[in-house]
Protein chains: 2
Amino acid sequence: MKKPVPVYQKIADDLRALILDGSLRPGAQLPTEAALLDQYKVKARATVRQGLNVLINEGLIEPRRPRGYFVVERRRLVYRPQAEFRRRPPETDIFTNLVAEEDGRTPSQDIEVSIVEAPAAIRDRLGLAAGELVAARRRVRKLDGVPYNLNDSYVRLSLVQGTDWMNPGDVARGTNAVLAELLGAELEQALDEIYIRMPLPEEARRLEIGPGVPVGEHIATTFANDNVVQCTINIIPGDRHVIVYDRVRNPEDTGQPRIPWGAQ
Amino acid sequence: MKKPVPVYQKIADDLRALILDGSLRPGAQLPTEAALLDQYKVKARATVRQGLNVLINEGLIEPRRPRGYFVVERRRLVYRPQAEFRRRPPETDIFTNLVAEEDGRTPSQDIEVSIVEAPAAIRDRLGLAAGELVAARRRVRKLDGVPYNLNDSYVRLSLVQGTDWMNPGDVARGTNAVLAELLGAELEQALDEIYIRMPLPEEARRLEIGPGVPVGEHIATTFANDNVVQCTINIIPGDRHVIVYDRVRNPEDTGQPRIPWGAQ
DNA sequence: AAGTGGTCTAGACCACGCA
DNA sequence: GCGTGGTCTAGACCACTTA
């Protein structure tokens, strides 16, 4: 009738319970591997390590060699896609907006602008032909030097070549304002897709996140006059953000879902 | 200068590359542990297993005992919080709406209604006192028998006791319509919070998801006449959904972020 | 019945950061 | 230098599913 619980599972379950009920608070140290060997009368380190591994991959603990295992500490920032379209305070960069709501932390970003072949995801959304070139503006956004998210924007090369959009530094009025000038029309609509998944090794490296931390991939496709203008891929570490939307009833919403490209 | 890559890491990297570049398509079988032992001239199963474990926890592969390891197959459904507020087609259940956009799969849901002490997250959002009772409507939504998400709604008990909201079956006109009748006012505003994290064991069990599959926790707080009415917690497995929002420029948006409770 | 992965033992040597 | 975790070896026995 009953099935025996593997020892490593029992170890993971016990420690998880301690963490979730607050007995082990964020930042607290767990028993060492040696201590757990004693505690559970188990003979092989591999068994204890297997148990700890479960919790690492759940994002609950992290090893800090050579001190031991610790409960992770998380602090979340509000990530608000809708801030892109707001007017007051004067619309600037979405990240600057986002951080303005936090005190005492200093934002910075590494910006890199290049001309590349459009990745497939971008091609689909911007409606480009295979092999077509796009301008790419890639940013790593940091708070007190800690990476907070990756933000890669793509637009048709012909639209922005030689303009301020391709300035590999901060653009004070915001890159969206640059696009609006070029188009003679405001960006006034967007479609957000949010995928939840584990990070690729490359992303984990750039964001300095360990195993057990999932990411949100937020793909924002922006329109002006019903024409696609820009596509931005944000990679958002799950342990450092909460995504927030305001929603209001809109009587004109006909409810047509609109995803002309295939979901990933 | 260079540091040697551990064998298990090499195994994980090689197999991941094969999966990501399409050499190993979703559903394809990976080499068995025994084959990898040969291939990498490694002596201990533990080493090979450690490598495979990396990919399992990245959600890329899954063991199907006793056949071997396979590349996971994913198929994503559009999850659209904004569908809650749409009028045409006639507003019904958000899940029914959601599924109406898919063909050939039959939706079902297990519904359970109860009266409980409000969990802390609900208490904060509904503005309740500690220990106060709420009505809970908990649903597991399935497609072809496979769980697609968990949906737990909470409202003040005094508002809905004895009404159709607490009917533990499908409510054809939608539970939001019931609330609107009781209040004499439409639900017309909501605040969505989306947290990205690994599932708790309980959630993983209910959703039948394995290790390496992160979830989105979508907390929707709904208002009528600026009063909080309902709070719903949705748990959304990342491998089966894409979250979609439409966004339009709103000149009246003053940009005040509004989260009266602390982020989790 | 055969072959797969699941669990566990009992060691070994190494890398790293701190006192 | 000491203690921590990181990696790996070389086995053992078991549980499960499919042919």
Side-chain angles (χ1 to χ4, degrees), chain A residues 1-15 24 27-72 201 204-205 208-212, chain B residues 1-15 24 27-72 201 204-205 208-212:
Chain A
M1 208 65 202
K2 60 165 191 291
K3 53 183 167 188
V5 177
V7 181
Y8 83 90
Q9 213 24 280
K10 172 92 173 113
I11 295 174
D13 290 346
D14 288 354
L15 292 173
L24 284 171
Q29 178 166 12
L30 278 72
T32 62
E33 291 183 359
L36 290 170
L37 278 174
D38 267 14
Q39 191 177 328
Y40 286 90
K41 306 290 179 237
V42 86
K43 310 290 170 46
R45 262 181 77 209
T47 303
V48 165
R49 285 173 61 75
Q50 196 178 355
L52 291 165
N53 231 326
V54 171
L55 300 183
I56 291 174
N57 286 304
E58 289 177 358
L60 292 174
I61 68 173
E62 64 185 11
R64 294 188 200 156
R65 229 181 39 167
R67 299 180 43 216
Y69 295 87
F70 293 79
V71 182
V72 300
R205 194 184 52 71
E208 295 171 20
I209 53 183
Chain B
M1 205 69 199
K2 60 164 187 296
K3 51 183 167 189
V5 177
V7 181
Y8 83 91
Q9 211 28 278
K10 172 95 174 108
I11 295 175
D13 290 345
D14 288 353
L15 292 174
L24 284 171
Q29 179 166 11
L30 278 72
T32 62
E33 292 183 358
L36 290 170
L37 279 174
D38 268 15
Q39 192 176 329
Y40 286 90
K41 306 288 177 236
V42 85
K43 311 290 170 44
R45 261 181 77 208
T47 303
V48 165
R49 284 172 62 75
Q50 196 178 354
L52 291 165
N53 230 325
V54 171
L55 300 183
I56 291 174
N57 285 303
E58 289 178 358
L60 292 175
I61 68 173
E62 63 184 11
R64 293 188 201 155
R65 229 180 40 168
R67 300 182 41 217
Y69 295 88
F70 293 80
V71 182
V72 300
R205 193 184 52 73
E208 295 171 20
I209 53 183

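Just so we're on the same page: letters track the sequence lines, and every chain starts at 1. When reading the values below, keep in mind they use all heavy atoms of this one structure, side chains included, and skip hydrogens, waters and symmetry mates. This is a predicted model, so every value here is computed, not measured.
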Whichever of A:Val7 and B:Gly68 has its nearest DNA chain C nucleotide further upstream toward 5' | B:Gly68
Footprint ends on DNA chain D, 5' to 3', for atoms under 4.0 angstrom from a heavy atom of chain B, come out as D:dT7 to D:dT18
Does anything in residues 38-60 of chain A reach DNA chain D, meaning a heavy atom under 4.0 Å, and if so which residues?
-> A:Arg45, A:Arg49
Applying salt bridge (Lys or Arg N to Asp or Glu O under 4.0 Å), name anything that partners B:Glu208, two or more places apart in sequence or on another chain.
-> none
Kindly indicate whether the side chain of A:Leu15, heavy atoms from C-beta on, has any atom under 4.5 Å from the side chain of A:Leu55.
-> yes
Gap between atoms OH and P, on B:Tyr69 and C:dG3 respectively (whole Å) | 18 Å
Residues in salt bridge (Lys or Arg N to Asp or Glu O under 4.0 Å) with A:Lys43, at least two apart?
-> none
All salt bridge (Lys or Arg N to Asp or Glu O under 4.0 Å) counterparts of B:Arg65, not counting sequence neighbours | none
Looking at five pairs on each end of the helix from C:dA1-D:dT18 to C:dC18-D:dG1, what is the angle between the two axes, given to 10 degrees?
-> 20°
All side chain to side chain donor-acceptor pair (under 3.5 Å) counterparts of B:Tyr69, not counting sequence neighbours = B:Glu33
Sorted by chain and residue number, the salt bridge (Lys or Arg N to Asp or Glu O under 4.0 Å) partners of B:Asp14 (sequence neighbours excluded) come out as B:Lys10
Of the residues in residues 27-34 of chain A, which ones touch DNA chain D at a heavy-atom distance under 4.0 Å?
-> A:Thr32, A:Glu33
Can you give me the N/O atom pairs linking the protein to nucleotides 14-19 of chain C at distances under 3.5 Å, or say none if there are none?
from, atom 1, to, atom 2, distance (Å)
C:dC16, O4', A:Arg65, NH2, 3.3

Applying side chain to side chain donor-acceptor pair (under 3.5 Å) to A:Arg205 and not counting sequence neighbours gives A:Glu202
Apply side-chain contact (heavy atoms from CB on, under 4.5 Å) to A:Ile11 and A:Val54, showing your working.
-> CA-CA 9 Å; A:Ile11 295 174; A:Val54 171; over 6 Å; no
Going by the salt bridge (charged side-chain N to carboxylate O under 4.0 Å, His left out) test, which pairs reach into residues 51-60 of chain B, not counting sequence neighbours?
-> B:Arg16-B:Glu58
